[in-house]
2 protein chains.
Amino acid sequence: MTAPTLRPGGRSARVQESIHTAVRELLEEQDRASVTVPQIAARAGVTPSTIYRRWGDLSALLADVALARMRPETESANTGSLLGDVRAWADQYLDEMSSAPGRNMLRDVQSSLKPSYCATIIGGQLQVILDRYPDQPKPGVDRLINMVAAPIVFRILFSEAPLESEELHRLIEIALGQ
Amino acid sequence: MTAPTLRPGGRSARVQESIHTAVRELLEEQDRASVTVPQIAARAGVTPSTIYRRWGDLSALLADVALARMRPETESANTGSLLGDVRAWADQYLDEMSSAPGRNMLRDVQSSLKPSYCATIIGGQLQVILDRYPDQPKPGVDRLINMVAAPIVFRILFSEAPLESEELHRLIEIALGQ
């Protein structure tokens, strides 16, 4: 029998985590355009070829890190009401995405092979909230994505200014039928 | 007095138009990644340096062409009702943007210096529709952008499939309060 700590993939997962951490640190320290694969490799304690073998190129690695960052480590706030929970989620999402790292993340995810993970991840987070209120009339998760997440992202990418908080809250109320 | 046909900028505008036309034709004939500045110059009957002087590089030229394509030459359909007009606009926008050239256009516009023109252009088109019905209660143009254009674009960029027509029509009805 093999001890559980020796499971295959353990080293591989640790290598991936150290490379992701190196990317996140470097992105905080310096301009994004100046980050290079050899730099990331040095910081993570691996050879550049480890990175090239696994991700192909820098933009794929940046996209992978961006996708990983979109999965928050903690569940979104449980305020006791559906309206409150969706608001808390949306306020945080608006904040994160309109920051400089958030904007870059959206661009990286788009140039990744799987930009559609974005809707999947958002949908998963909103579904957790909807499932907290089984006995309440409520919209489907796709309606929430269309009326709450979509305008946040659209305004960041294609508008002068981010979505205003007041309009975001109004859109949430309309989506929840309140 | 100078004859009106000799107005300054005439030659410059014709050069720009022939370059835009060359780009549009080449994008229809061949893969986007294979289009080059010398090729565009040859087709348009100008030197490559004319293009570099004016746009700086290929991606700026592609973005400029993409933005120009977003301004339709004709006004959107006048169906006689606000709901019908917004539907006609949205159906056409969904169609255009989910095509391969439409997707590329969205990406080009984003990498342009002025991605926010996108919301400005869309807002202008929707405002024309709203202004046709001065005596009717109706949402502001920003609400329409948020509830109709944003989910179309978001689903194209970040989801498995484009927005479904049925959901689009439902969103329009909600936005118009019907």
Side-chain angles (χ1 to χ4, degrees), chain A residues 59 63 66-67 70 90 93-94 97 103-123 139-178, chain B residues 59 63 66-67 70 90 93-94 97 103-123 139-178:
Chain A
S59 67
L67 279 171
M70 293 190 80
Y93 190 70
L94 174 60
M97 291 300 137
R103 284 163 190 267
N104 289 332
M105 194 192 303
L106 283 174
R107 301 218 167 86
D108 287 337
V109 169
Q110 253 190 284
S111 48
S112 74
L113 290 173
K114 269 294 197 184
S116 63
Y117 277 153
C118 184
T120 310
I121 293 169
I122 291 172
V141 72
D142 281 321
R143 173 68 49 77
L144 268 192
I145 294 176
N146 292 334
M147 287 191 57
V148 179
I152 291 177
V153 172
F154 176 84
R155 292 282 175 184
I156 288 168
L157 295 178
F158 294 109
S159 196
E160 279 300 340
L163 191 63
E164 290 191 13
S165 191
E166 200 183 323
E167 170 72 355
L168 174 60
H169 291 172
R170 190 67 199 110
L171 288 167
I172 293 170
E173 286 163 7
I174 299 172
L176 297 182
Q178 297 195 328
Chain B
S59 67
L67 279 171
M70 293 190 81
Y93 190 71
L94 174 60
M97 292 300 138
R103 284 163 190 267
N104 289 332
M105 194 192 302
L106 283 175
R107 300 218 167 86
D108 287 338
V109 169
Q110 251 190 286
S111 49
S112 74
L113 289 174
K114 270 293 197 186
S116 63
Y117 277 152
C118 184
T120 310
I121 293 169
I122 291 172
V141 72
D142 281 322
R143 174 68 49 76
L144 268 192
I145 294 176
N146 292 335
M147 286 191 57
V148 179
I152 291 176
V153 171
F154 176 83
R155 291 283 175 184
I156 288 167
L157 294 178
F158 294 108
S159 195
E160 280 299 340
L163 191 63
E164 290 192 13
S165 191
E166 202 184 321
E167 170 72 357
L168 174 59
H169 291 172
R170 189 67 199 110
L171 288 167
I172 293 171
E173 287 163 6
I174 299 172
L176 298 182
Q178 298 195 327

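In what follows, chains are A, B, ... by sequence order, proteins preceding strands, each numbered from 1.
Looking at E167(B), the atoms closer than 4.5 Å to chain A (heavy atoms on both sides) all sit in the side chain, from C-beta outward. Interface remark: L163(B) contributes side-chain atoms only to the contact with chain A (heavy atom separation under 4.5 Å). Looking at I152(A), there are no atoms closer than 4.5 Å to chain B (heavy atoms on both sides), in backbone or side chain.
Around CD of E173(A), the count of heavy atoms belonging to other residues, nucleotides or ligands within 6.0 Å exceeds 12.
S116(B) contributes atom OG, which lies 11.0 Å from atom CZ of R155(A) (distance to the nearest 0.5 angstrom).
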Run the numbers on N146(A) and M147(B) for side-chain contact (heavy atoms from CB on, under 4.5 Å), then give the verdict. CA-CA 7 Å; N146(A) 292 334; M147(B) 286 191 57; over 6 Å; no

L157(B) vs L157(A), side-chain contact (heavy atoms from CB on, under 4.5 Å): CA-CA, chis, key distance, verdict: CA-CA 11 Å; L157(B) 294 178; L157(A) 295 178; 4.2 Å; yes

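A heavy-atom distance below 4.5 Å is found between the side chains of R143(A) and I174(B). Side-chain atoms of I145(B) and F158(A), non-hydrogen and from C-beta on, never get closer than 4.5 Å to each other.
Each of A175(A), A150(A), A119(A), A161(A) has some count of heavy-atom pairs under 4.5 Å with chain B, and the biggest count is that of A150(A).
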